[in-house]
Amino acid sequence: MWVRIAIKPFLFRLLRRVPMPWIAIIVGLVAGLGVWGILDQVQSQQVDKIFGQELQVRLDLRARESLIRFDRYLSNHAATTRLLANHRRLSEYLEPLFWSEDEAVTPVVYKDFRPNWLPDFFDRDALTPPSQVLLTDPQGRVREIFQAGEDPVPPELATQVPASFLDSREVRSVIERFGERLSLLTSDAVEDAGGYNMGYLVVLVPVNDAFLAASQRGLDVGRAAVALIDSDDQHILASIDSRTMPPGSSLADWNAIYVITSQSLPEYEGSDSNLLFATFVPHASVEKMSRHVRIFERRQRFIAAAVFIVVFTAVIYLVSSRLNKVLKRMTRFSQRALGIAEPGFHRDGNQLLLLEEWIQHFTQLVLTAREEMSRKHQAEMRESEALKAAMMEASLDAIVTLDHGGRVIEFNPAAERLFGLERQEALGAVFAEHFLPDVTRAAFKRLLDRSQHLHREPLGRGELLALRPDGSEIPVEISIVLIELEDERFYTLYIHNISSRKRAEQEIKNLARFASESPNPILRVTAEGLIVYANNASRPLLLAWEAEAGDRLPEDWRSEVARALETGQPLEQELDLPDQVYSLLFAPIRDLGYVNIYARDITAVRRAEQESRQHQAELVHVCRLSTMGEVATGMAHELNQPLSAIVNYANGCSRRLQSGLGQTDELIGAMRQIAAQAQRAGEIIRRLRALVGKQPPLRAQTDLNHLVREVCSFLEFETNRVGVQIELALAPEDIPVRVDLVQIEQVLLNLAGNALDALEERPEDQRHLCIRTTTDNGEARVVVEDSGPGIASERILSLFDAFVTTKEGGMGMGLAISQTIIENHEGRIWAESVLGQGSSFHVTLPLSAPNEEVGEPDETPDASCCPLTDH
Ligand code: ADP
């Protein structure tokens with residue numbers, strides 16, 4: 001057993017290595033030779049058998065033909081005998097004859113010549129010539145004899161022909177043995193010219209080899225022979241070749257050499273001899289023919305086997321080369337399509353086994369894949385079922401499935417909630433009748449129809465009213481999906497309650513009216529500046545822009561729209577119309593690419609601001625007038641100096657002129673002094689006027705350091721009075737600010753004035769006042785520092801409130817107005833103080849661009865603190 005087990009894989013491995021064409025050739029050869037060998041055996045026997053049968057038939061035919069010829073030859077002799085018997089010459093010869101009735105008669109013998117009554121018909125008809133012709137009387141007695149050859153008349157016939165050989169009605173023909181000789185005896189009745197029966201004409205022809213050869217003339221006997229045989233003792237009586245086959249020899253002697261076919265001669269049964277006609281065909285010629293046939297047959301079979309091998313091998317070769325291609329293609333297919341790594345079929349070998357192996361491998365893979373797919377499919381089905389159940393459960397929308405008759409077959413929890421009905425109660429109900437009011441049924445029917453026609457599209461969808469069992473109606477949106485299975489049709493209805501949406505839509509519609517109802521202009525503009533919406537209140541704006549909704553904004557406003565969209569930040573602009581001022585807020589909505597413009601009529605606001613500014617200016621002026629009293633006193637005192645000097649110089653001049661002592665040079669010098677002092681007095685008055693003068697608010701570019709110096713000059717009298725010198729610590733460069741000069745001077749005047757007031761409370765040697773200017777972070781800063789008593793911290797915050805004062809006769813408005821002024825200038829003002837040590841008041845103002853026009857420069861400022869001197 002183990003041997004078989006071991007051999008089988010070995011053979012299999014061996015077979016796998018041998019390419020198909022080789023196997024084809026080997027199998028073809030073995031099969032061809034095997035078939036040939038078996039066929040040769042079987043067919044040879046069969047051929048021999050058929051050949052033997054065929055031979056037998058042919059021999060029979062041959063023998064029959066020989067017999068027929070022989071028989072015809074005998075008939076010819078009989079016919080010739082009849083001709084001779086009925087010949088005119090014989091009847092004329094017999095006419096005068098009259099034979100006596102004597103018993104013993106000596107017949108007349110014709111020897112060496114032919115009697116007149118006997119024409120030579122045998123020779124003429126190419127028949128074997130007779131040995132004797134006898135003429136008998138009616139009783140058979142021999143009257144005349146024609147002796148043709150040497151053989152004597154057989155003794156049995158020498159005088160009397162037995163009646164058994166004679167017949168008056170027809171020709172009698174018989175082969176008879178006379179001694180050792182065999183003769184054909186033919187007789188016919190003869191008549192004379194008068195028709196009288198005269199007797200019989202008897203013809204004897206020797207049956208020998210010449211007779212037999214003549215009987216077979218015209219037949220290609222070849223090496224075959226014929227003979228007459230005595231059937232009793234099976235001896236040859238006469239043969240066609242008496243030398244090789246002598247009469248008297250036994251038939252058994254010839255059986256080994258010839259195939260012998262013997263036939264009876266029924267026509268001649270009247271004879272005493274029991275004769276058979278035999279045909280001899282030599283075995284050798286039969287064998288030769290048989291061998292020829294066998295060789296021919298074998299050659300045919302060999303050719304057939306060779307053709308079979310060649311064709312079989314060629315077919316297998318073609319099949320294997322085709323298989324090779326198929327295998328290669330399948331290898332590629334496996335690698336590419338199925339991802340089967342390296343099936344290993346590109347090597348040579350038995351393609352059939354490789355194919356079988358591949359098919360097994362492939363089948364295994366397919367089975368595995370099928371199992372895998374089936375598992376996957378089942379898992380997916382379960383998942384899908386679970387998912388469907390979960391979806392049905394979790395769906396916020398009602399899901400109702402109808403069968404083709406419109407009856408409910410599925411009703412999810414959301415549907416239960418929507419309709420207020422248990423699933424069990426809903427199942428089986430006709431949906432249109434139970435869940436839709438009459439008015440919407442026709443619309444529902446249309447939706448159903450549409451879902452059938454557009455079942456590939458997202459279906460019939462529409463808004464309808466649904467009916468609850470309690471009779472209430474709810475607006476719903478229904479989507480219908482048609483599901484067509486092979487023999488069934490279902491509709492899935494997704495029903496969404498749109499009550500809240502409807503409400504929201506209503507609210508949105510109401511909200512949408514806000515814009516149109518708004519008293520303020522509201523517009524919507526696209527990124528290209530196209531006005532897509534403008535409410536009624538926008539009319540003045542549209543008039544100003546000479547545009548309508550649908551037109552584009554003017555160029556400069558389009559750029560504002562673009563800017564707002566670009567930055568994404570809302571921006572505000574003002575639109576000044578002749579009678580109105582509008583504030584426009586550009587609110588960009590970048591996602592949608594448009595800008596909403598919300599406009600506000602700020603004409604009243606601007607007017608109020610204007611008035612407020614005027615009031616403020618007036619207040620500042622009043623304030624200034626209040627300080628003017630103090631400043632004016634100082635200034636009046638100050639004026640005294642130049643005026644007294646002028647008076648002195650003028651008096652001196654007039655005295656000199658009156659006395660006539662005065663030199664011209666001296667007088668000119670004195671006059672110059674007068675002029676200089678007058679100028680000085682003029683300057684003092686100009687400053688006073690500037691301080692008191694009521695001017696409209698006006699912004700101008702100036703240098704902050706210049707303003708500080710100007711203020712110091714106003715305070716000269718006061719500083720002298722208090723006995724303090726103002727220290728200036730000014731920034732080395734110009735500090736460009738765009739301010740209302742008078743208002744900022746007013747602020748600085750307030751701060752410095754307050755400081756001087758505070759210093760008065762300190763002993764004279766402790767009085768210091770310093771004014772600093774700096775620039776920092778785009779801001780200009782002024783700090784007024786004093787060494788006064790300081791301010792309590794709890795008061796610092798309320799310092800800038802109006803009417804806060806600690807001074808007798810003070811108004812408490814100075815700091816309040818200062819704060820208003822500074823804030824109007826987008827600046828800040830605050831106080832810092834250490835009680836008992838002094839206070840500092842800080843003012844910041846925005847720096848303006850340095851290239852802008854700068855106010856009249858003054859002398860180069862001193863970086864260090866310098867005492868305020870008289871300029
Ligand atoms: P008025 O000078 O008329 O009192 P102000 O508004 O100028 O009004 O000042 C309000 C008050 O702030 C002053 O009464 C004073 O008490 C206080 N004050 C202002 N400046 C100083 C200062 N440099 N040192 C101390 N107190 C000051």
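Source: prediction; values computed, not measured. Whatever order the structure lists ligands and atoms in, that order sets their numbers, starting from 1.
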Exercise. Taking N or O atoms only and a 3.5 Å limit, does Ala816 qualify as a polar contact for ligand 1?
Worked result: no

Exercise. Got Ile744 and Ile821 here, is their nearest side-chain heavy-atom distance under 4.5 Å?
Worked result: yes

For this session: Keeping the roles fixed (side chain from Ser787, backbone from Gln766), state whether a donor-acceptor pair exists under 3.5 Å.
Result: yes

Exercise. Is the shortest heavy-atom distance from the side chain of Leu749 to the side chain of Leu715 under 4.5 Å?
Worked result: yes

For this session: Take Glu718 and Arg721 through the salt bridge (Lys or Arg N to Asp or Glu O under 4.0 Å) test and state the conclusion after the steps.
Result: CA-CA 5 Å; Glu718 278 296 301; Arg721 184 180 63 78; 2.7 Å; yes

Exercise. Where on Asn750 is there a heavy atom closer than 4.0 Å to ligand 1, on the side chain, on the backbone, on both, or on neither?
Worked result: neither

Problem set entry | Option of least heavy-atom distance to atom 10 (C) of ligand 1 (set: Leu815, Leu835, Val804, Leu756) | Val804

Exercise. So do Leu751 and Leu815 actually touch side chain to side chain, heavy atoms under 4.5 Å?
Worked result: yes

For this session: Check step by step if side-chain hydrogen bond (donor to acceptor under 3.5 Å, both in side chains) holds for His842 and Thr844.
Result: CA-CA 7 Å; His842 300 253; Thr844 64; over 6 Å; no

Exercise. Quick one: nearest non-hydrogen protein atom to atom 23 (N) of ligand 1, plus distance?
Worked result: Asp786 OD2, 2.9 Å

Exercise. Short N/O distance, under 3.5 Å, between Lys807 and ligand 1?
Worked result: yes

Exercise. Do any N/O atoms on Gly814 end up under 3.5 angstrom from N/O atoms on ligand 1?
Worked result: yes

For this session: Establish, from distance only, whether the side-chain atoms of Ser538 and Asn535 form a donor-acceptor pair under 3.5 Å.
Result: yes

Exercise. What atoms in ligand 1 come closer than 4.0 Å to a heavy atom of Leu799?
Worked result: 12 (O)

Exercise. Which atoms from ligand 1 have a heavy atom of Arg795 less than 4.0 Å away?
Worked result: 16 (O)

Problem set entry | Close approach, Ser839 and ligand 1, non-hydrogen under 4.0 angstrom | yes

Seminar exercise, completed: Quick note on ligand 1: atoms under 4.0 Å from a heavy atom of Ala755 include exactly 23 (N)

Exercise. Judged by atom type as modelled, is there a donor-acceptor pair below 3.5 Å linking the side chain of Asn497 to the main-chain atoms of Ser499?
Worked result: yes

Exercise. Does the pair Arg501 and Glu463 meet the rule for a salt bridge (Lys or Arg N to Asp or Glu O under 4.0 Å), with working shown?
Worked result: CA-CA 12 Å; Arg501 195 179 86 195; Glu463 291 180 8; 2.7 Å; yes

For this session: Name the closest protein heavy atom to atom 4 (O) of ligand 1, giving the residue it belongs to and the distance to 0.1 Å.
Result: Thr805 OG1, 2.4 Å

Exercise. Which residue owns the protein heavy atom closest to atom 26 (N) of ligand 1, what's the atom, and how far is it?
Worked result: Ile791 CG1, 3.8 Å

Seminar exercise, completed: For Leu707 and Glu745, the nearest pair of non-hydrogen atoms, with its separation, is CD2-OE2, 3.7 Å

Exercise. To the nearest 0.1 Å, how far is atom 22 (C) of ligand 1 from its closest protein heavy atom, and which atom is that?
Worked result: Ala758 CB, 3.7 Å

Exercise. For ligand 1, which part of Gln819 has a heavy atom less than 4.0 Å away: the side chain, the backbone, both, or neither?
Worked result: neither

Exercise. Under 4.0 angstrom from atom 18 (N) of ligand 1, is there any protein heavy atom?
Worked result: no

Problem set entry | Protein contact to atom 20 (N) of ligand 1 [nearest heavy atom, distance to 0.1 Å] | Asn754 CB, 3.1 Å

Exercise. Is Thr806 touching ligand 1 with its side chain, its backbone, both, or neither, if touching means heavy atoms under 4.0 Å apart?
Worked result: both

Exercise. Does some side-chain heavy atom of Asp801 sit less than 4.5 Å from a side-chain heavy atom of Phe803?
Worked result: no

